[in-house]
2 protein chains.
Amino acid sequence: MTKYEKKIYDIVNASRKHLTADQIYTELKKEYPAVSLATVYNNLSKLCDTGLIRKVTLEDSPDRYDRTEKHDHLICQKCGKLSDICLDDLTHQLKTQLGDNFLSYDLKVFYICPDCRKRSSSKTTV
Amino acid sequence: MTKYEKKIYDIVNASRKHLTADQIYTELKKEYPAVSLATVYNNLSKLCDTGLIRKVTLEDSPDRYDRTEKHDHLICQKCGKLSDICLDDLTHQLKTQLGDNFLSYDLKVFYICPDCRKRSSSKTTV
DNA sequence: CTCGAAATTAGAATAATTCTAAATATATTA
DNA sequence: TAATATATTTAGAATTATTCTAATTTCGAG
């Protein structure tokens, strides 16, 4: 692991914020001002390939990078805010249906976050 | 509903192939050779907004458009092929946890499709 | 028919990501 | 240590899906 790979891994794992490549780049530049965005992308895809982090693909937003520890995502349909949620594991059901060919799953749950709920009950949505 | 909106809706619903905007454009041009890609995008987002079709966002692939009838997606991790799968509905569990704020969910299941499985068992993966 | 709104068009603009080729750093081994 | 090989990083160009813009066309209501 190179210093950049290690540091990018640390940044992703330390954050619970689902950072974009660009945010990671900004963070990394604090320590290594000369680093390039290409290096960030290179290392992010290397880390994804080896399974040390995972990529979260969303609509209308650049990809985000996340720790691999098992959890699902909750996305506010109004403001787009992304947070984590723990749900019953679907693995058993999927293994029964797909056998050894099953690899993993990605579950996204859409909802209205408390902030947006508050906003829309106090005044009409713009 | 304009003629384009209607026809695009029909194309998406008639296909079980999860078409990209560009594929829909190609299909639509058979009947309306003068149509522009912008019109396809305009109508696709209108149809998504009204909930008549849904957009499927994937990694390393342009967005695809799909009928709304409830079903989940199965994605081959090797070749990227997308197909449909029917699974137990998670709605009950999600409503219990999130209440009225719950809107919907999007589940993607990753596996190795039969074709790729066959290929990799007969010879070593390149 | 005429007006105005909505839809459509072509093409430019945008933005995230990937690619390319040169430069740099690191490791290997003599 | 020097010579060489290999891997990483860099800057910036290229790519690609999608959105935006402004002009044009279509079409229904009066």
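Proteins come first, then strands; the chains are lettered A, B, ... in the order of their sequence lines, and each starts at number 1. What you see is a predicted model, and the numbers here were worked out from it, not measured in a lab.
Between A:Tyr25 atom OH and C:dA16 atom P there is a gap of 14 Å when expressed in whole angstrom units. Between A:Asp22 atom CG and C:dA16 atom C1' there is a gap of 9 Å when expressed in whole angstrom units. For the pair B:Asn42 CG and D:dC20 C1', the computed distance is 10 Å after rounding to whole Å. Atom CD of A:Glu59 is separated from atom P of D:dT18 by 10 Å (rounded to the nearest Å). In this structure, B:Tyr41 places its OH atom 13 Å from C1' of D:dC20, rounding to the nearest Å.
Legend: residues meeting ring pair (Phe, Tyr, Trp, His ring centres under 6.0 Å) with A:Tyr4, ordered by chain and number and at least two apart, are A:Tyr32.
Take the nearest nucleotide of DNA chain D for B:Tyr65 and for B:Lys3: the residue whose nucleotide is more 5' is B:Tyr65. Across the interface with DNA chain D, nearest-nucleotide mapping of A:Tyr4 and B:Ala21 shows A:Tyr4 to be the residue nearer the 5′ end. Residues A:Lys55 and B:Asn43 each lie close to DNA chain C; by heavy-atom proximity, the contact nearer the 5' end of the strand is made by B:Asn43.
Between the CG atom of B:Leu90 and the CG atom of B:Asp88 there is a distance of 8.0 Å, given to the nearest 0.5 Å.
Across all their heavy atoms, B:Leu37 and B:Tyr25 have their closest contact at N-CE1, 3.4 Å.
Nucleic acid contact class of B:Thr2 (heavy atoms, under 4.0 Å, all strands): sugar-phosphate only.
The side chain of A:Ser36 has D:dT10 as its nearest neighbour among D:dT10, D:dT18, C:dT17.
A sub-4.0 Å separation between OP1 or OP2 of C:dT9 and a side-chain N or O of B:Thr39 is present.
Between the side chains of B:Asp66 and B:His73, a donor-acceptor pair is found at a separation under 3.5 Å.
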